[in-house]
Amino acid sequence: MTRHFLNLTDAGADGIAAMLADALDRKAARAGFPKGRADADAPLAGHTLAMVFEKSSTRTRFSFDMAIRQLGGTSIVSDGGSMQLGRGESIADTARILSGYVDAIMIRTDDHAKIEEMAHYASVPVINGLTDASHPCQIMADLLTIIESGKALPGLKVAWLGDGNNVLASIVEAAGLMQFDVVAACPQGYMPTEADVALGKGRARIVSTPREAVEGADIVVTDTWISMGQAHAETKLAALTPYQVDAALMALAKPDAKFLHCLPAHRGEEVTPEVIDGPQSLIWQEAENRLHAQKSVLRWCFGQIG
């Protein structure tokens, strides 16, 4: 059966653990290599990954491109607007066509239903590079970064500040699978859905004050408040301003707490420069780990691990 990676639940706790262990091992094994040099075993030699972008991207585009290269394979990158997809060809037809050319498809799009349709009609693995509903590849990188910082996932307290968006949905999903707790502070009008909270299997709760979320936290996470293409930015900024992560708020977390942000960041909005550029921030390690985590996602999709 074809393995798709649309959400973290597709892999389950055992699959996630296997991917994280693989990512740690492979990252260590290539320390000191030039970025373009393939891993010693080149496990995906001869494989080609199609990358389809209906949304702008920096980290997803570069990290997946380098991921397949380091695994010994190649990639074909296309923007949705330059494909027939942008002129009305259906997702179903596109999935069937690409399946005849490539070994896997990564798509970054808006409506989650599109990626579900892609997976339904594709005969090769489909990977979620981001949808409006979830961002599992980002959370794989976050979990890898947390483990590298010396923290075990079970029993961890993760504090989320701001918009109840797709990234929070995937963090909550991870919490339910990997047995850590998420306390999210979100303003009225920007709460996660009940369905998203339920993904945490009782490990997630929503609070109204940033202080309640951050007190005693091991990890503090936020995200940009205004995502690509969102309207009513001024109203949203006004609602979210009290949820900014600054030094005073960060001081309420544990002394060894770490700060994560999936980027791009808007310093002075969701986070102050002193926090995001400070000693507790792991954002650059987190960004690099998109590459290492996604290599293991690709290997999982091809049945090489987990």
Original post:
Taking the side chain as C-beta and beyond, is there a heavy-atom pair between Met250 and Val245 under 4.5 Å?
Top reply: yes
Subject >> Student check: side-chain heavy atoms of Met106 and Thr60 closer than 4.5 Å >> reply: yes
Original post:
Are the side chain of Thr222 and the backbone of Leu161 linked by a donor-acceptor contact shorter than 3.5 Å?
Top reply: yes
Original post:
Hey, quick one: are Met140 and Ile305 part of the same hydrophobic cluster, counting side-chain heavy atoms closer than 4.5 Å, chains of contacts allowed?
Top reply: yes
Subject >> Heavy-atom pair with the smallest gap, counting every atom of Lys295 and Asp39 >> reply: NZ-OD2, 2.9 Å
Subject >> Sidechain N-carboxylate O distance under 4.0 Å for Lys157, Asp218 >> reply: no
Original post:
Do Asp163 and Lys236 sit within salt-bridge range, that is, some charged N less than 4.0 Å from a carboxylate O?
Top reply: yes
Subject >> hydrophobic_cluster_shared for Phe5 and Leu98, side chain cutoff 4.5 Å >> reply: no
Original post:
So does Arg108 pair up with Asp79, basic N to acidic O under 4.0 Å?
Top reply: no
Subject >> Close side-chain approach of Arg59 and Pro264, heavy atoms under 4.5 Å >> reply: yes
Original post:
Hey, does the side chain of Ser281 reach the backbone of Asp277 with a donor-acceptor pair shorter than 3.5 angstrom?
Top reply: no
Original post:
Any Lys/Arg nitrogen of Arg96 or Asp93 sitting under 4.0 Å from an Asp/Glu carboxylate oxygen of the other?
Top reply: yes
Original post:
Taking atom types as modelled, is there a side-chain donor on His120 or Glu116 under 3.5 Å from an acceptor on the other?
Top reply: no
**OP:** Please report the C-alpha distance between Thr145 and Leu260 in whole Å, then the side-chain angles of each, then the deciding distance to 0.1 Å, and finally whether the side-chain contact (heavy atoms from CB on, under 4.5 Å) criterion is met.
**Re:** CA-CA 9 Å; Thr145 305; Leu260 298 179; 4.0 Å; yes
**OP:** Heavy atoms only: give me the nearest Val197-Ala204 pair and the separation to one decimal.
**Re:** CG1-O, 4.0 Å
Subject >> Close side-chain approach of Ile283 and Leu263, heavy atoms under 4.5 Å >> reply: yes
Subject >> Value rounded to 0.5 Å, distance of CG in Asp111 from NZ in Lys114 >> reply: 6.5 Å
Subject >> Check: His266 main-chain N/O paired with Glu270 side-chain donor or acceptor under 3.5 Å >> reply: yes
Subject >> Connected via hydrophobic side-chain network under 4.5 Å: Met118 and Met51 >> reply: no
**OP:** Compute whether any side-chain donor of one residue and acceptor of the other, for Asn128 and Ser134, lie under 3.5 angstrom apart.
**Re:** yes
Original post:
Does the side chain of Ile147 come within less than 4.5 Å of Leu20's, by heavy atoms?
Top reply: yes
Original post:
Is the closest side-chain heavy-atom distance between Met178 and Ile16 below 4.5 Å?
Top reply: yes
Subject >> Under 3.5 Å: donor-acceptor pair, side chain of Gln280, backbone of Val275 >> reply: no
Original post:
With a 4.0 Å cut-off, would you call Arg61 and Asp65 a salt bridge?
Top reply: no
Subject >> For Asp223 against Cys262, the heavy-atom pair lying closest together >> reply: OD1-SG, 3.2 Å
Subject >> Exercise: identify the closest heavy-atom pair between Trp160 and Cys186 >> reply: CD1-SG, 4.1 Å
**OP:** Taking atom CZ of Phe33 as the centre, report whether more than 12 heavy atoms of other residues, nucleotides or ligands fall under 6.0 Å from it.
**Re:** yes
**OP:** Evaluate the side-chain proximity of Asp196 to Leu168: yes if any heavy-atom separation is below 4.5 Å, no if none is.
**Re:** no
Original post:
Between the side chains of Glu286 and His261, does any donor sit under 3.5 Å from an acceptor?
Top reply: no
**OP:** Mind jotting down which residue pairs meet the side chain to side chain donor-acceptor pair (under 3.5 Å) criterion with at least one end in residues 9-20? Sequence neighbours excluded, please.
**Re:** Thr9-Glu173
Original post:
Glu148 and Asn289: side-chain donor and acceptor closer than 3.5 Å?
Top reply: yes
Original post:
Would a hydrophobic clustering, with Ile, Leu, Val, Met, Phe, Trp and Tyr connected at side-chain separations under 4.5 Å, put Val221 with Leu249?
Top reply: no
**OP:** Spell out, as yes or no, whether a donor-acceptor pair under 3.5 Å connects the side chain of Glu89 to the backbone of Gly86.
**Re:** no
Subject >> Gap between atom NZ of Lys27 and atom CG of Asp22 - 0.5 Å precision >> reply: 13.5 Å
**OP:** Determine yes or no for a side-chain-to-main-chain donor-acceptor pair under 3.5 angstrom, with Ser296 supplying the side chain and Ala23 the backbone.
**Re:** yes
Original post:
Would you say Phe302 and Val297 are hydrophobically clustered, going by side-chain heavy atoms of ILVMFWY under 4.5 Å?
Top reply: yes
**OP:** Please confirm whether the backbone N or O of Gly268 pairs with a side-chain atom of Thr272, one donor and one acceptor, at under 3.5 Å?
**Re:** no
Subject >> His47 side-chain N/O to Ala45 backbone N/O, donor-acceptor pair under 3.5 Å >> reply: yes
Original post:
What are the two closest non-hydrogen atoms of Val214 and Ala159, and how far apart are they?
Top reply: CA-CB, 3.9 Å
**OP:** Give the C-alpha distance, both sets of side-chain angles, the deciding distance and a yes or no for side-chain contact (heavy atoms from CB on, under 4.5 Å) between Glu215 and Val183.
**Re:** CA-CA 10 Å; Glu215 281 183 336; Val183 182; over 6 Å; no
**OP:** Would you sort out whether Cys301 and His4 count as a side-chain contact (heavy atoms from CB on, under 4.5 Å), showing the intermediate values?
**Re:** CA-CA 6 Å; Cys301 285; His4 301 299; over 6 Å; no
Original post:
What is the minimum heavy-atom distance between Ile127 and Ile115, and which atoms define it?
Top reply: O-CD1, 3.7 Å
**OP:** Taking atom types as modelled, find out whether Glu269 and Gln244 have a side-chain donor-acceptor pair closer than 3.5 angstrom.
**Re:** no
Original post:
So do the side chains of Ile219 and Lys151 get within less than 4.5 Å of each other, counting heavy atoms only?
Top reply: yes
Original post:
Can you check whether Trp300's main-chain N or O pairs, donor with acceptor, with Gln304's side chain at less than 3.5 Å?
Top reply: no
Subject >> Check against side-chain contact (heavy atoms from CB on, under 4.5 Å), Thr74 and Arg69 >> reply: CA-CA 6 Å; Thr74 57; Arg69 293 187 196 199; over 6 Å; no
**OP:** For His112, enumerate each residue passing the ring-ring contact (aromatic ring centres under 6.0 Å, His included) test, keeping only those at least two apart in sequence or located in another chain.
**Re:** none
Subject >> Pair Arg26 + Asp41: basic N to acidic O under 4.0 Å >> reply: yes
